[in-house]
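Counting starts at 1 for both ligands and their atoms, following the listed order. Note that the coordinates shown come from a computational prediction; the quantities given were computed from them, not determined experimentally. In what follows, every heavy atom counts, from backbone to side chain, and hydrogens, waters and symmetry copies are set aside.
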Amino acid sequence: MKLMSIAGARPNFMKLAAIADAVKSYNERNVTLSGCTNIKHIIVHTGQHYDAKMSHSFFDDLGIPKPDVNLEVGSASHAVQVAEIMRRFEPVLLKEMPDALLVVGDVNSTIACTLVASKINYPVTAKRKRPVIIHVEAGLRSFDRDMPEEINRILTDSISDMLFVTEQSGVNNLRDEGVPDDKIHLVGNVMIDTLQKQLERAKNSNIKQLICVKGMYGLVTLHRPSNVDSIETLQPLLETLIEISKKIKLIFPIHPRTKNNAKQFNLFSLVEECPDIQLTDPLGYLDFLNLTSTASLVITDSGGIQEETTYLGVPCVTLRENTERPVTVEVGTNYLIGIDPQKILQTVEKILTGKGKNVSIPQFWDGRAGERIIGKIVTSVDCLY
Ligand code: UD1
């Protein structure tokens, strides 16, 4: 079987790592049993994220095979970025004609490649009409259609053939949208597979020495357009961080979007000069995991970090009004707070004074999601298309 996987932006890479590992293990088992490998895995990088710190370092840290193809699309408006990925991806798909196309998450690369695959027509002589489309991390919904990722999630799920889901809410959402049960597979979380596998290595990272961090600290990430693209939201958020830093030192690896905007709004010096906020460039996977795992709390508007902190048992203050990952609030360490400064400060205070909540790890977040996914793919793909 020829399986093609798409990687585009930073949050895709840790998910792809688990898939690549599971394919490798499956092939190794097959060589032992029957003398041949079964899956040829082709990796296509769209180039949506292209900086070494946002992309290559993840491939190195996680041992992901070098992409077979890089579409090198780079940054642009959503329309241009999606259109450009589609335009450049179509000939690659027609050349390789994989049996299955696997996409992860909810970024622009995810929907762009799914859309191409759903409409492609392989030549009549080919074994199948088009690839089976597999979406990993399907079914998540924030019910907030102002989020570009929500549009990407809804559209990708609606044209995928196999939907692999991380938590029960995803199954419920897909059923509510009329997706038949035989397309939906609750398998757990590939991002947690990668986290489990890398945690020991991450502990050896020397990032704390490099940035001279001693004692307790909070870790901050901020990049969601609704938070950072206007001065009206970014300024109070940065001021709140400065207030929090008076209680606990903050480490803030700053996303390029946030840095560019802060500079444009003349807010950058505010945080840069704050003595208890340590700004860094975006960090590699192992360095960031090292800092997350020993943080007193994490303040973020990311999707994936809500899940990683839940697995690690680290309190997470999420600066959003909604989450597509409700299990992290229901059983995990996540506090869904929004961007009201008073609420953020109160929640941080509650966490720092030890009044946290009892938590547990969601079902199937056990390091074996990739194995379940590949197991299901090899038994199903030949029956589809
Ligand atoms: C994208 C994803 C988002 C994900 C985030 C993680 C979509 C719709 N959004 O948002 O879901 O959480 O990645 O980072 O796909 N830039 C660089 N170097 C890079 C990449 C980007 O400098 O390697 C800068 C550019 O100025 C670019 C801006 O960051 O315009 C935003 O990048 P883009 O990929 O458009 O969206 P993200 O905000 O990163």
### Task
Could you check atom 26 (O) of ligand 1 against the protein and tell me its nearest heavy-atom contact, residue, atom and distance included?
N260 ND2, 3.6 Å
## Note on the structure
among protein heavy atoms, the one nearest atom 34 (O) of ligand 1 is H49 NE2, 3.1 Å
#### Entry: Minimum-distance protein heavy atom relative to atom 24 (C) of ligand 1
P256 CB, 3.7 Å
### Residues Q342 and Q346: side-chain donor-acceptor under 3.5 angstrom
no
#### Entry: Shortest protein contact, atom 17 (C) of ligand 1 (heavy atom only)
Y50 OH, 3.3 Å
### Query
So if you build clusters from Ile, Leu, Val, Met, Phe, Trp, Tyr with side-chain heavy-atom gaps below 4.5 Å, do F268 and L270 land together?
yes
### Query
Got the closest protein heavy atom to atom 5 (C) of ligand 1, with its distance?
H223 NE2, 3.7 Å
Enumerate, atom names and distances included, each donor-acceptor pair closer than 3.5 Å involving a side-chain atom of residues 207-215, sequence neighbours excluded.
residue: K208; atom: NZ; partner: N290; partner atom: OD1; Å: 2.9
residue: K208; atom: NZ; partner: T294; partner atom: OG1; Å: 2.9

### Query
For atom 38 (O) of ligand 1, what's the nearest protein heavy atom and its distance?
R257 NE, 2.8 Å
### Pairs meeting criterion ring-ring contact (aromatic ring centres under 6.0 Å, His included) with involvement of residues 273-325, two or more places apart
none
### Message
Under a 3.5 Å threshold, yes or no: a donor from one side chain and an acceptor from the other, between S169 and E167?
### Response
yes
### Query
Can F59 and H45 be said to form a ring pair (Phe, Tyr, Trp, His ring centres under 6.0 Å), step by step?
CA-CA 11 Å; F59 280 75; H45 193 322; 5.6 Å; yes
#### Entry: Distance filter under 4.0 Å to H78 heavy atoms, resulting ligand 1 atoms
8 (C)
### Query
Of all the non-hydrogen atoms in the protein, which one sits nearest to atom 6 (C) of ligand 1, and at what distance?
P11 CD, 3.5 Å
### Query
Tell me, do V187 and F364 make a side-chain contact under 4.5 Å, heavy atoms counted?
no
## Note on the structure
The protein heavy atom nearest to atom 9 (N) of ligand 1 is E149 OE2, 3.5 Å
### Task
Consider ligand 1: state whether an atom of it lies below 4.0 angstrom from any non-hydrogen atom of K53.
no
